[in-house]
Amino acid sequence: MEKSIIRLQDVWKTYQMDKVEVPAVRGINLEILSQTFVSIMGPSGSGKSTLLNMIGCLDFPTKGKIFLDGQDTSLLSENQLAQTRGKKIGFIFQQFNLLQHLTALENVMIPMVFQGTPEAQRKARALYLLDLVGLNDRVNHLPSELSGGQRQRVAIARAFANDPELVIADEPTGNLDSQSGQKIMDMLVEFHKKEKGTIVVVTHDPVIAKYSEKVFNIIDGQIVQNHKQAENILWQ
Amino acid sequence: MAIIKEYFKLAIKNLRNRKLRSWLTIFGIVVGIFLVITLISLSGGIKNSILKQLNSLGGDVILVMPGAIDNPIATFMGGQMLSEEDILTIKKVEGVDVVLPTSQKSQLMRYNNEQKVIFLVSFPWDEGKDFLSTFQGWSLSEGTWPSPGKREILLGSLVAQKDFFGRRIRVGDAATINGRTFRVVGILNSIGSKSDDTSVYLDRPVYQQVTGERDGSALMIMVKAKEGVSPDELAAKIKKALDEVRKRKRGENVSDFSVLTSEKMGNIAGGIVGVIQAAVMLFASISILVGGLGIMNTMFTSVRERTKEIGVLKAVGAKNSAVISIFLIESGILGLIGGAGGVIFGLIVAKLIEGYSRASGSFLLEAYMPASLIIFGLFFSFLIGCLSGYLPARKAAKLRPTDALRGYE
């Protein structure tokens, strides 16, 4: 039987802007099966990044429950959440978010540091991952010495460092030219095949959807079931 | 433990990443710790030399000094003296064994075409010789004691040494003091305190001729009690006798002199040094506080600048405790390096002052620098670093990952 890695149960997220409550996510129910490649699509401001942050245990829902691997995340302490993020989830950001004064190798090793992985093992794993993203000749370069595409490849390697069950990518190609973007997406698909695990990509670029096994469309904080309708809105 | 090592590496990388600011912050701590170490070292040195001086007096010696005891510094500075009459009065007190009036003055001494400032100290040799060698542990390394009334001098051990006048002084050599020629008849073994060892000793009448001091006056009178007489009781008797004589002959009705046992002297000196040390510590701790605020400021700025980085660390699995640890280690390192710099500078400056005091010869101040002082300096600065880093570190740890990742925009 297929296992669900993520299950959202009537999840709401409301931001307080001055005195007005702005709902960003409004009662989303969603299930993502283990080892699938899923896209969450929607125009900017639709609440997709908020949704992703909650899936990634970076943020809490205002209402509703999120189950990660069967575990209700609202019951976890801050430290347990950090532990869960480190162990089970890998992040890829639009802004790459590498640590500027660490080399590519050190950046990939960082998540393993917090898991207490021994140094030799950390290094071997990081070198293996950097080799997979084709950066074996750039391991000792600082992010400032790498191109945007190369930085995102380092970020991908970092996301897979602790062999996570779930990798979430927020607009991973948003800051790249189309050629680099293409390469990054190919790489994610490649990783998905090789390292297994679930991949959730958030994007407003419909082209990316073609890589996915399943697409969720989100508009105004809600999932739109009708794909056609969603596309129409997106293309407007 | 292994993980702490990793945090250490990260912290050092972060500090290196903003070298100039790190060094400036460290400099703030260096100044504070430097002040503390220098001042503690020197005031400790003052205390030690006073205690040494007192110890060299011997336990049951009574000192009679001019001036009231409530202001001993003014007495030393004011040039008050005890008179011949005082000496005679004390000699008559029952229970007194030896009475040794002594005076001292800085004088220029010339030898081997070099001129140096020495302390010229006078004792009456006929009585003094036995007293000093029996009770104060003075001994000759060469030559003999000066004969009373002759122009003969006895040198402290350091005066005779080669590096004092550029040539070793031998018994039989001639030296000039205040334009008069003296023959060196003896050289002492080290007495213990540096100022005693850099003094030149001669007979009292000769001293008075050389310095032109009034006949019979003395800067201080040392009194030795007879066997079985308690120093405290004898001190009381001496005070009473002096009061009576002074009142009768000069109409004084306030005791303008002090009679002190060496124990009492120790307490007074300890009290003065204690006050100096307390004042020193107060000022030094203010400067350390300022240094600590510097660290706090730097760390707060750093938290602000690195908000996004903290977000990334949290996203990849750093617990709050890990973020706190990294920031605390950073501020601790700032404190520790600052402390090490301060300790090194402080000890160097204390040594320089000691060297200067030795070279000038007019006062002697030995820097006091035990290992405990160094350890205290390092530990204290590390503690300051951690304490001032705590609030910024906690602020960093408390950031919510999503807010942190967004950064301050």
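Labels below follow one simple rule: chain letters A, B, ... track the order of the sequence lines, proteins then strands, and each chain is numbered from 1.
- Of the two parts of B:N320, the backbone and the side chain both hold a non-hydrogen atom closer than 4.5 Å to a non-hydrogen atom of chain A.
- The distance from the CG atom of B:D403 to the CG atom of A:L58 is 10.5 Å, given to the nearest 0.5 Å.
- The number of heavy atoms from other shown groups lying within 6.0 Å of CZ (B:F300) is above 12.
- Both the backbone and the side chain of B:A318 come within less than 4.5 Å of a heavy atom in chain A.
- When the heavy atoms of residues 104-126 of chain A are compared with those of chain B, the residues falling under 4.5 Å are A:E106, A:I110, A:P111, A:V113, A:F114, A:G116, A:E119, A:R122, listed by number.
- Proximity to chain B at a heavy-atom threshold of 4.5 Å picks out A:E78, A:N79, A:A82, A:Q83, A:R85, A:G86, A:F91 from residues 68-92 of chain A, in numerical order.
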Checklist entry - side chain to side chain contact (heavy atoms under 4.5 Å, CB included) between B:R306 and A:Q100: does it pass, once the steps are laid out? => result CA-CA 10 Å; B:R306 281 149 66 192; A:Q100 291 306 314; over 6 Å; no
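- Only the side chain of A:L99 comes within contact range of chain B, with at least one heavy atom under 4.5 Å from a heavy atom of that chain.
- Taking CE from A:M54 and OG1 from B:T402, the interatomic distance works out to 10.5 Å, rounded to the nearest 0.5 Å.
- In this structure, A:L102 and B:L10 have side chains that are in contact, with non-hydrogen atoms separated by less than 4.5 Å.
- Put simply, CG on A:N97 and NZ on B:K308 are 4.5 Å apart, with the number rounded to the nearest 0.5 Å.
- Listed options B:K9, B:R400, B:K314 were ranked by heavy-atom pairs under 4.5 angstrom with chain A; first place goes to B:K314.
- Sparse packing is recorded around CZ of B:F27, with 12 or fewer heavy atoms of other residues, nucleotides or ligands lying under 6.0 Å away.
- Residue B:F283 places its CZ atom among 12 or fewer non-hydrogen atoms of other residues, nucleotides or ligands, all under 6.0 Å distant.
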